[in-house]
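Take a look at the structure set out below.
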Amino acid sequence: MKNSTNKEIAKGPNLAVDIAGVRFKNPILTASGTFGYGLEFANLMDLNSIGGIVVKGLSMTPIKGNPPPRVYETASGMLNAIGWQNIGATEFVTKKLPGLRNYEAKIVVNIVGFELNDYLEVARFLNDCPGIAALELNISCPNVKKGGYHFNKDPRDAFTVTAETKKASRHLPLWVKLSPNVTDIREFARACQDAGADALSVINTLVGMAIDVKKRRPRLRFLTGGLSGPAIKPVALRMVWEACQAVRIPVIGVGGIASTEDALEFLIAGARAVQIGTANFYQPDVSQRVALGLQEYCRLNHIDDVNEIIGSLQPYE
Amino acid sequence: MKNSTNKEIAKGPNLAVDIAGVRFKNPILTASGTFGYGLEFANLMDLNSIGGIVVKGLSMTPIKGNPPPRVYETASGMLNAIGWQNIGATEFVTKKLPGLRNYEAKIVVNIVGFELNDYLEVARFLNDCPGIAALELNISCPNVKKGGYHFNKDPRDAFTVTAETKKASRHLPLWVKLSPNVTDIREFARACQDAGADALSVINTLVGMAIDVKKRRPRLRFLTGGLSGPAIKPVALRMVWEACQAVRIPVIGVGGIASTEDALEFLIAGARAVQIGTANFYQPDVSQRVALGLQEYCRLNHIDDVNEIIGSLQPYE
Amino acid sequence: MLDRKVKIKSIRDLGSRNYLLTLNAPEQARLIRPGQFVMLKCIENVREDPLLRRPFTIFDVPKSARSGKPVGLDLLIKEVGMGTRKLIQLRPGQALFCLGPQGHGFQVSSEMRNRVEIACLIAGGVGIAPLYLLAQSLLAQNVKPVLFYGGAAIADLVLRDYFERLGIDIIYSTEDGSFGERGVVTQPLAQFLKTHPRRDIRVYACGPWGMMKAVHALSAQNNLQCEVSLEARMGCSLGACLGCVVRCKDHEGEEQYLRVCQDGPVMNSRLIDWETAPL
Amino acid sequence: MLDRKVKIKSIRDLGSRNYLLTLNAPEQARLIRPGQFVMLKCIENVREDPLLRRPFTIFDVPKSARSGKPVGLDLLIKEVGMGTRKLIQLRPGQALFCLGPQGHGFQVSSEMRNRVEIACLIAGGVGIAPLYLLAQSLLAQNVKPVLFYGGAAIADLVLRDYFERLGIDIIYSTEDGSFGERGVVTQPLAQFLKTHPRRDIRVYACGPWGMMKAVHALSAQNNLQCEVSLEARMGCSLGACLGCVVRCKDHEGEEQYLRVCQDGPVMNSRLIDWETAPL
Ligand SMILES: Cc1cc2nc3c(=O)[nH]c(=O)nc-3n(C[C@H](O)[C@H](O)[C@H](O)COP(=O)(O)OP(=O)(O)OC[C@H]3O[C@@H](n4cnc5c(N)ncnc54)[C@H](O)[C@@H]3O)c2cc1C
Ligand SMILES: Cc1cc2nc3c(=O)[nH]c(=O)nc-3n(C[C@H](O)[C@H](O)[C@H](O)COP(=O)(O)OP(=O)(O)OC[C@H]3O[C@@H](n4cnc5c(N)ncnc54)[C@H](O)[C@@H]3O)c2cc1C
Ligand SMILES: Cc1cc2nc3c(=O)[nH]c(=O)nc-3n(C[C@H](O)[C@H](O)[C@H](O)COP(=O)(O)O)c2cc1C
Ligand SMILES: Cc1cc2nc3c(=O)[nH]c(=O)nc-3n(C[C@H](O)[C@H](O)[C@H](O)COP(=O)(O)O)c2cc1C
Ligand code: FES
Ligand code: FES
């Protein structure tokens, strides 16, 4: 923590972070699937206040998704089994992207696929669309029966899909979003780094389940769903820390973040940026609040540059 | 759900379950490490009201454990990194077991070890001690640096330690307690079944972490800890359901259970019995309450035998 | 759509676990159309369980005695679980977060004048919630509402006085026969449609899925347009999470999932795949 | 040790985030010894966050004006986080779960009569909590307590009147000099021990780890027995979870972990490994 001169304080701390050559005005992003296509929140907060928006997972053509019920609330968390419902990349680019370009928040597109070719196709298409800052490869969604998730069962599959999609992504940096439902996330982190990933998003949801004891029926028609929210924060933080130890590429922390303090935990553990997910649902302007809170924190603690916080975890004496 | 005659109602529903030939008066047990050696709770509840007590993980000789801080509370959960502190099997048998024998609750001993031989030694010793109903092999504790946990990284290791300990356990049924920190719990469930396990306890804690943002220091001196409590219930329930699909031996559900309804979710998913852990800390008589609640539930719903509930999950129409 | 921290004005116990919750929310009160809802954080502290907000239909919009301007929201709350329990345990003066008004409401327009004579409103229990504002706006278009209001017992038929004061026809029914006709609410509706074989009737329903399904079937048999107000578990209410969908059929009979929060909660009953309950 | 649902009698704001919480707990009040604590569920509903109970020392045991029998518990609560915040937001009449009395308290016995002349009581801020009952029981054994009471500022020196009414010697200190001597509380203690070079002194301390460590060092230098009341995060308070340990050394200097909830919270300062803070 350097002491800042009065002049520096006047202009405020630097909050910008760099991820694979892309500058985000601050390290607060929103997580895929929890912020729609971004514009849904435009009336409720200032989309210029945050570093970036990761939009809902897109496939080349629309996907219908899973039958309802799709969501269920649990202790400090929720289960979802949306199943990749999306409007398709073409409609996104024509109907949503032009509106999003009016904001300073960088647009990251999460991409989904049942098979390798699905990823490649949508990656190629999006590479030609101005206004996109990066792609986030979702190999970790637990809520589809085939494909996707399975790339995150074996590090070799994760390597293959990353390497191929990286080739297909001619200009755009490729982030890979990892699953927590693995024995050792470091293996997957390294495999993706070796395959050319530019950054890692850690973590997607944990697979969970809930039962209606009156009807003796699963609460979700898909049977299982992805657990998200404050409940999973300790697991996400641990995996972010492990991934940061294992790779040199930037790691973006996701999982249960709902406050400035939560975001700081992930930055201190080594995350270059964070994504806020479930909290958007119950506090639609939470990402703006956290971005502001981070600025306040830096001011109060005389931190000139948010990058000083990143990875600053102290060992015990 | 059979209709019960008046006579049957008078004598009340059958709550007893059988696990590997051992009869538990009801399917409510307390989880290892959360109920001490049992006697700590004798003033606060009726130890005759529950089916069984799984005592704190024991090694042959005492273990000191990890330096503090060892526990930290998180959203709907807690992290612990006790590190196997225990009084040793000899002292348990001479000082604790005689007192425990006065109660109807069956005593299951959780056993820990850094190496294969540690498990075998304590298993052999305990097999000669009257008053023990079963052994629970803990291959899944995340809070020790060597051994233990590592047996739960590869199904082949899980097979080996189970097979060897089963041989060492001449009379006592062997339960194996599995870790949730794996890509596919079914592989481990099957490996343990194939190795001769008599039952499975699913799950141990999820590995998590928390950071003190003021001191920029881990909240636990061990860095990471095991996440338990209501937060993990959805994950535990899903894994219990998966394990039940994968094996024929009984599965005992553990993870976030704090109410009768929670216990019912696990039984409906297929668990033969359940263990209550963290909830004992904030409500010391919770296991008695749940056992009573289960009886009430059976009465109200005209269920003669709790075994009718087990595995009764209905598919969606 | 606004997200505001609003204060509780009063909570009235209506019996049978029903409560009338009145919020001071002048900004939002002005924007309401019949059939819309708000999302409430069921507890003062936004960080606490239950995390997700809960949807509640706007029953009425109380107006200032002096200016006649809308000042608040009346919500009819049935206590069914943790969220509603915490909500009704709050005290006047306490604050909560209120997001809305949300959703696509009932289609009532001046085109209906002279073309639609009668509107059958069918409520099952707390499904009465959206029908009060609807009845008023129908009256304003010269359409004559007939309310079929059913419940398990008389105690479930709350807020009857509001409708009786409108001077409209009401047919009550209870399953236990404690009030009105004995049986389910669709019986008197079927009877009515039989004795009124006309085309200038519109049907509006809100209640349990099974009830709405039956109302849809009756409407379809009689070739009547029917709008239903749906329920689903919601994540965001903003159309962003896709958690609240109902299975529908498009023109070509292809299945698609529509969002109850944005494409509904009120939908034409013909859109819906009545074999797949969203809850 | 009992687990009881008890009612809050009153909550008094003492300023500087300190509160005096009085519980109606006659059964438990009768069992208390100085230095013991209770575990409170900081919220009425046992299923809600924070899940774990929080330990609080018993400051005083109010007695019935009529019978003179113990009827309640006075707890001094400093608001530092979620649990204490929720606790002090409860209202008189509300209930909470109270487990206790728990733990190993101060060693005060009739053996001390005539053998121990002076007891130095050192409190850092809210560390004052266990010292009121201790001072009383020392007085009962004819030991003369001298209280060293330090804090950051005058506002942190709460409940001074209780001690002043006992008529004992008190040396106040504040870090900002707003009351008593300026500086940390161990300075006047060091001064006192220098001017009273005698062996019939016992030392008792409660406060931040660093303060207790310094008090231990001073006691050891002066060859005095010192008891400290420790803090640790607790799971169960029953000795079952082994979450609350402090690193100690046994007779052979071998390290071992003792449970603050059962082997403490009060321990002889020589047992403790002062290099390893438990928090
Ligand atoms: C658009 C819309 C408008 C609504 N308007 C109203 C309204 O005006 N008044 C009102 O009282 N409710 C209304 N609801 C329903 C209300 O949102 C739910 O009752 C509420 O979310 C339940 O929250 P909870 O936390 O109390 O129950 P939970 O803890 O979420 O659920 C408790 C139990 O009740 C069951 N349950 C959930 N919802 C219902 C229900 N509606 N009826 C019966 N059982 C249920 C669950 O399956 C569960 O078993 C509306 C719902 C929607 C989608
Ligand atoms: C045997 C024993 C007796 C105690 N007696 C009392 C008493 O009489 N009165 C009293 O007010 N407290 C007492 N404490 C401390 C009290 O238990 C804690 O302050 C309380 O548990 C904090 O709960 P929380 O949920 O408010 O804070 P948390 O949310 O758990 O913690 C909030 C923040 O405060 C920090 N913190 C935690 N505890 C303390 C503390 N003691 N001081 C400063 N910062 C802390 C944490 O590291 C964290 O950053 C005692 C503790 C023990 C072990
Ligand atoms: C309703 C919902 C939909 C989601 N959809 C996607 C998705 O399309 N692609 C993806 O990579 N992650 C998706 N996620 C996962 C989130 O982006 C995030 O990784 C996860 O929820 C953990 O963060 P949180 O605890 O802050 O919500 C979804 C999560 C939720 C709750
Ligand atoms: C403080 C603590 C200590 C534990 N010690 C052990 C142990 O010694 N052996 C073991 O197999 N599991 C141990 N566990 C895991 C529990 O038995 C249980 O599997 C886990 O906590 C999940 O259940 P719960 O959510 O109900 O607590 C411990 C858990 C806690 C919280
Ligand atoms: S509730 Fe999120 S899309 Fe409808
Ligand atoms: S708090 Fe559980 S052993 Fe002390």
Side-chain angles (χ1 to χ4, degrees), chain B residues 30 32-45 55-57 62-87 212 215 219-221 225 228-231 256 258-259 261-262 277-286 289, chain D residues 1-5 31 39-43 45-54 80-83 96-100 102 209 230-250 254-262 264 272-273 275-279:
Chain B
T30 55
S32 177
T34 66
F35 209 67
Y37 303 107
L39 300 168
E40 293 91 335
F41 287 74
N43 291 329
L44 295 165
M45 61 169 278
V55 299
K56 175 72 190 161
I63 296 181
K64 280 195 285 250
N66 292 331
R70 288 180 176 182
V71 292
Y72 187 71
E73 187 163 342
T74 65
S76 296
M78 67 178 282
L79 292 167
N80 89 78
I82 309 299
W84 290 356
Q85 178 169 349
N86 79 88
I87 57 175
D212 182 336
K215 302 184 182 152
R219 290 283 189 179
L220 302 177
R221 199 178 293 251
S228 63
S259 69
E261 199 171 312
D262 295 340
T278 302
N280 294 307
F281 296 162
Y282 56 90
Q283 194 173 23
D285 61 353
V286 61
R289 285 173 190 268
Chain D
M1 175 207 14
L2 303 165
D3 187 20
R4 289 288 179 270
K5 193 164 185 174
L31 310 171
M39 290 292 276
L40 296 185
K41 181 74 198 183
C42 291
I43 189 156
N45 184 342
V46 79
R47 314 287 295 283
E48 270 176 51
D49 270 354
L51 285 181
L52 299 177
R53 301 190 187 204
R54 299 288 191 261
V80 299
M82 179 181 28
L96 38 76
F97 292 90
C98 176
L99 176 68
Q102 298 288 71
W209 180 259
L230 297 174
E231 264 196 50
R233 293 199 176 268
M234 290 189 181
C236 65
S237 83
L238 303 170
C241 74
L242 307 175
C244 63
V245 299
V246 58
R247 187 185 253 165
C248 292
K249 294 193 180 95
D250 68 11
E254 267 266 13
E255 79 171 25
Q256 61 171 337
Y257 293 107
L258 295 183
R259 298 159 306 177
V260 170
C261 70
Q262 294 282 315
I272 295 161
D273 168 4
E275 298 311 310
T276 312
L279 264 181

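What you are looking at is a predicted structure, and each value in this text was computed from that prediction instead of being measured.
Side-chain atoms of Asp49(D) do not come within 3.5 Å of backbone N or O of Ala75(B) as any donor-acceptor pair.
Among Asp3(D), Leu99(D), Leu51(D), Val46(D), the single residue meeting the side chain to side chain contact (heavy atoms under 4.5 Å, CB included) criterion with Gln283(B) is Val46(D).
Looking at Phe41(B), the atoms closer than 4.5 Å to chain D (heavy atoms on both sides) all sit in the side chain, from C-beta outward. Looking at Lys56(B), only its side chain comes within 4.5 Å of chain D, counting heavy atoms on both sides.
Note that the CG atom of Leu238(D) and the CG atom of Asn280(B) stand 9.5 Å from one another [nearest 0.5 Å]. Here CG of Leu279(D) is found 11.0 Å from OH of Tyr72(B). Values are rounded to the nearest 0.5 Å. Note: Leu242(D) CG to Ile63(B) CD1 = 11.5 Å, rounded to the nearest 0.5 Å. How far OH of Tyr282(B) is from CZ of Arg47(D): 6.5 Å, rounded to the nearest 0.5 Å.
Contacts classified as side chain to side chain donor-acceptor pair (under 3.5 Å) and involving residues 232-249 of chain D (residues at least two apart or in different chains) are given here: Gln102(D)-Ser237(D), Arg247(D)-Glu255(D), Arg247(D)-Tyr257(D), Arg247(D)-Thr276(D). Applying the salt bridge (charged side-chain N to carboxylate O under 4.0 Å, His left out) rule to pairs touching residues 66-77 of chain B yields Glu73(B)-Arg54(D), sequence neighbours excluded.
Between Cys241(D) and Met78(B) there is no side-chain heavy-atom pair separated by less than 4.5 Å. Considering only heavy atoms from C-beta on, Val71(B) stays 4.5 Å or farther from Cys244(D) through its side chain. Looking at Lys64(B) and Glu254(D), their side chains come closer than 4.5 Å, going by heavy atoms from C-beta outward.
For chain D, the option among Gly36(B), Pro67(B), Gly33(B) with the highest count of heavy-atom pairs below 4.5 Å is Pro67(B).
At most 12 heavy atoms of other shown residues, nucleotides or ligands fall within 6.0 angstrom of atom CD in Glu261(B).
Of all the heavy atoms in Pro69(B) and Ala277(D), the pair that sits closest is CD-O, 4.4 Å.
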As a quick check of understanding, evaluate side-chain contact (heavy atoms from CB on, under 4.5 Å) for Ile82(B) and Val245(D), giving each step before the final call. CA-CA 9 Å; Ile82(B) 309 299; Val245(D) 299; over 6 Å; no
